[in-house]
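The structure appears right after this line, and notes come after that.
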Amino acid sequence: MGSSTKKKKEKKKDFQKAKLKVGKAKAKAANFTDTSFKSKSIVVNQQTLVTDGSDVVEQFKQNLSLAVNAKSDNQRRDALAYITNQLSANPPNDPVGASGVLTKLLPLLSDSSTSVRTQLLKLFRALPPAEVGPNVEKILMYIRGGMTHLSNDIRNDTLNILEWLLGVSGDAVVSCPGGWLKTLNSFSSMLGWNPSVGSAMSSKGWTSASKATLGTKKGPEAQARQIQVLAKFLQTGFRAEAPPPYNPMAYWDNIYRLPESPNPFAYLNLFGTPRDEDSEMYPDRISRQRIFDAKWRPAISAGMEGAKKEGGTVGRAAATLARALSAGLG
């Protein structure tokens with residue numbers, strides 16, 4: 001048999017149909033892949049899409065968890081956008097309350113994604129101002145952490161959060177425990193206006209620029225923004241309170257009536273732990289002026305004068321700060 005005849009027979013075998021045996025399934029190839037789809041749900045990174053419509057409350061909680069735990073920046077941003085839309089609806093849908101939302105989402109102040117931090121600010125602005133007030137102390141704790149973050153972008157975005165908080169609950173910000181001095185400490189660290197290094201600030205080194213302007217591409221703009229928010233913070237703290245309503249019996253009540261509060265002489269701290277000035281409450285304008293004048297006025301004034309000499313946006317922001325100090329302490 002010649003080679004050509006042998007090749008013809010081999011090719012003929014390739015085109016012959018396989019004989020099927022009755023009652024038996026067709027043999028499957030070794031590399032067969034089953035592409036049939038029988039599942040009723042698709043699970044994608046802790047997010048489940050089911051055929052039946054899920055409850056709105058469960059969707060809210062699911063997106064709240066996804067905003068914190070998702071590894072993808074886009075997933076976290078979209079989850080925050082969903083919650084923002086629910087809070088902005090009429091009527092708003094918030095099954096966990098503002099306190100629950102803040103507790104869950106405040107760690108995102110230091111998120112590495114700019115889009116996530118931007119969406120977080122939009123979400124906070126959708127919260128009812130009346131429900132934000134009781135959570136001011138907790139919010140400030142995360143704000144102070146963001147103000148001293150190594151990332152310049154995170155510091156700037158945190159200032160936007162602080163500005164929003166001053167707008168919705170400014171009095172609570174400056175009067176809550178640690179709200180006055182601890183926040184001023186964070187501003188001093190961010191700007192480099194620290195009283196403990198006052199001599200270093202006045203010494204002539206290789207540069208006279210503030211620490212806040214070094215190592216960043218937008219140093220002057222960032223420093224100007226920080227000074228502007230500091231001026232707004234001081235304006236809020238030095239704002240005159242509304243006078244209490246006139247009560248002709250208040251004088252005699254203070255002399256003859258027993259105090260109704262459970263611990264009326266707590267301010268004397270007779271048996272308490274040693275006081276921590278930074279963590280104390282400064283509930284009125286006079287107490288805030290007193291502690292600021294004693295502890296921070298020289299350092300901030302020195303930093304402000306140095307910023308004025310830089311001119312430009314920094315100089316204009318320093319002029320705004322000077323007016324705030326003059327009005328508040330004058």
Side-chain angles (χ1 to χ4, degrees), residues 60-61 63-65 67-69 76-77 79-81 83-84 86-88 92 94-191 225-226 228-239 276-283 288:
F60 188 96
K61 293 180 179 179
N63 279 274
L64 194 61
S65 176
V68 179
N69 299 322
R76 295 199 302 275
R77 182 200 61 204
L80 290 174
I83 298 172
T84 305
Q86 293 297 310
L87 295 176
S88 304
D94 186 4
V96 300
S99 180
V101 171
L102 289 168
T103 301
K104 195 78 172 178
L105 300 182
L106 278 173
L108 293 179
L109 260 70
S110 300
D111 193 274
S112 59
S113 172
T114 302
S115 61
V116 171
R117 297 194 304 270
T118 302
Q119 186 61 49
L120 182 66
L121 177 59
K122 294 179 182 178
L123 187 151
F124 284 167
R125 286 173 175 166
L127 292 172
E131 297 184 28
V132 174
N135 300 280
V136 164
E137 187 178 355
K138 177 168 52 180
I139 300 172
L140 277 177
M141 181 179 66
Y142 286 92
I143 287 178
R144 289 192 292 266
M147 290 171 66
T148 54
H149 199 276
L150 292 176
S151 170
N152 184 61
D153 292 335
I154 291 179
R155 292 198 301 269
N156 290 339
D157 289 343
T158 303
L159 289 177
N160 295 334
I161 301 289
L162 177 58
E163 196 172 28
W164 157 78
L165 192 60
L166 288 171
V168 299
S169 191
D171 292 337
V173 170
V174 296
S175 61
C176 72
W180 183 243
L181 278 189
K182 282 188 175 181
T183 308
L184 284 174
N185 293 344
S186 298
F187 270 113
S188 74
S189 300
M190 185 167 52
L191 286 163
R225 175 68 176 152
Q226 293 162 7
Q228 289 170 356
V229 179
L230 172 60
K232 185 171 292 188
F233 177 76
L234 293 178
Q235 287 172 349
T236 304
F238 295 147
R239 187 166 53 202
D276 179 9
E277 282 188 336
D278 291 350
S279 301
E280 281 192 17
M281 296 175 64
Y282 297 93
R288 291 191 288 268

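- Across all their heavy atoms, Arg155 and Leu150 have their closest contact at NH1-O, 3.2 Å.
- We find the CD-CD distance between Gln226 and Gln228 to be 10.5 Å, quoted to the nearest 0.5 Å.
- Shown here are the ring pair (Phe, Tyr, Trp, His ring centres under 6.0 Å) partners of Phe124, two or more places apart in sequence or in another chain: Trp164.
- Expressed to the nearest 0.5 Å, how far OG1 of Thr158 lies from CD of Glu163 amounts to 12.5 Å.
- The one candidate from Gln119, Arg125, Lys122 that meets the side-chain hydrogen bond (donor to acceptor under 3.5 Å, both in side chains) condition with Thr84 is Gln119.
- Across Gly237 and Arg288, no two heavy atoms sit closer than the pair O-NE, 2.8 Å.
- In terms of modelled atom types and a separation under 3.5 Å, the side chain of Ser169 and the main chain of Leu165 share no donor-acceptor contact.
- Contact check for Asp278 versus Leu184: no side-chain heavy atoms found under the 4.5 Å cut-off.
- To the nearest 0.5 Å, atom CG of residue Leu140 and atom CG of residue Asn135 are 11.0 Å apart.
- Nearest heavy atoms, Ile154 versus Ser110: CD1-O, 3.7 Å.
- In this structure, Ala172 and Gly133 approach most closely via the heavy-atom pair CB-O, 4.5 Å.
- Residues Leu105 and Ala67 share a closest heavy-atom pair of CD2-CB, 3.9 Å.
- With sequence neighbours excluded, the residues forming a ring pair (Phe, Tyr, Trp, His ring centres under 6.0 Å) with Phe238 are Trp180, Phe292, listed by chain and number.
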Determine, stepwise, if the pair Asn160 / Arg225 fulfils side-chain contact (heavy atoms from CB on, under 4.5 Å).
CA-CA 10 Å; Asn160 295 334; Arg225 175 68 176 152; 2.7 Å; yes
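- By the 4.0 Å N-to-carboxylate-O rule, Lys182 lies too far from Glu137 to be salt-bridged with it.
- At least one side-chain heavy atom of Met190 sits less than 4.5 Å from a side-chain heavy atom of Leu159.
- Of all heavy-atom pairs between Leu80 and Leu120, the closest is CD1-N, 4.2 Å.
- Arg144 places no side-chain N or O within 3.5 Å of a backbone atom of Thr183 that could act as its donor or acceptor partner.
- Asp157 contributes atom CG, which lies 7.5 Å from atom CD1 of Ile161 (distance to the nearest 0.5 angstrom).
- Between the Thr103 side chain and the Gly100 main chain, no donor and acceptor come within less than 3.5 Å of each other.
- Annotation: the span from Asp171 atom CG to Leu166 atom CG amounts to 10.0 Å, rounded to 0.5 Å.
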Give the C-alpha distance, both sets of side-chain angles, the deciding distance and a yes or no for side-chain contact (heavy atoms from CB on, under 4.5 Å) between Val96 and Lys104.
CA-CA 10 Å; Val96 300; Lys104 195 78 172 178; over 6 Å; no
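- For the pair Leu127/Val168, no side-chain contact is recorded, criterion being any heavy-atom separation below 4.5 Å from C-beta on.
- Atom CG of Asp153 sits about 11.0 Å away from atom OG of Ser113, to the nearest 0.5 Å.
- A donor-acceptor contact closer than 3.5 angstrom links the side chains of Arg117 and Thr114.
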Met147/Ser189 under side-chain contact (heavy atoms from CB on, under 4.5 Å): CA gap, chis, key distance, verdict:
CA-CA 9 Å; Met147 290 171 66; Ser189 300; over 6 Å; no
Run the side-chain contact (heavy atoms from CB on, under 4.5 Å) test on Leu106 and Ile143 for me, step by step, so that the C-alpha distance in whole Å, both residues' side-chain angles and the decisive distance to 0.1 Å come before the verdict.
CA-CA 9 Å; Leu106 278 173; Ile143 287 178; over 6 Å; no
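- Looking at heavy atoms from C-beta onward, Tyr282 lies out of side-chain contact with Val174 at the 4.5 angstrom threshold.
- A side-chain N or O of Ser65 and one of Asn69 form a donor-acceptor pair less than 3.5 Å apart.
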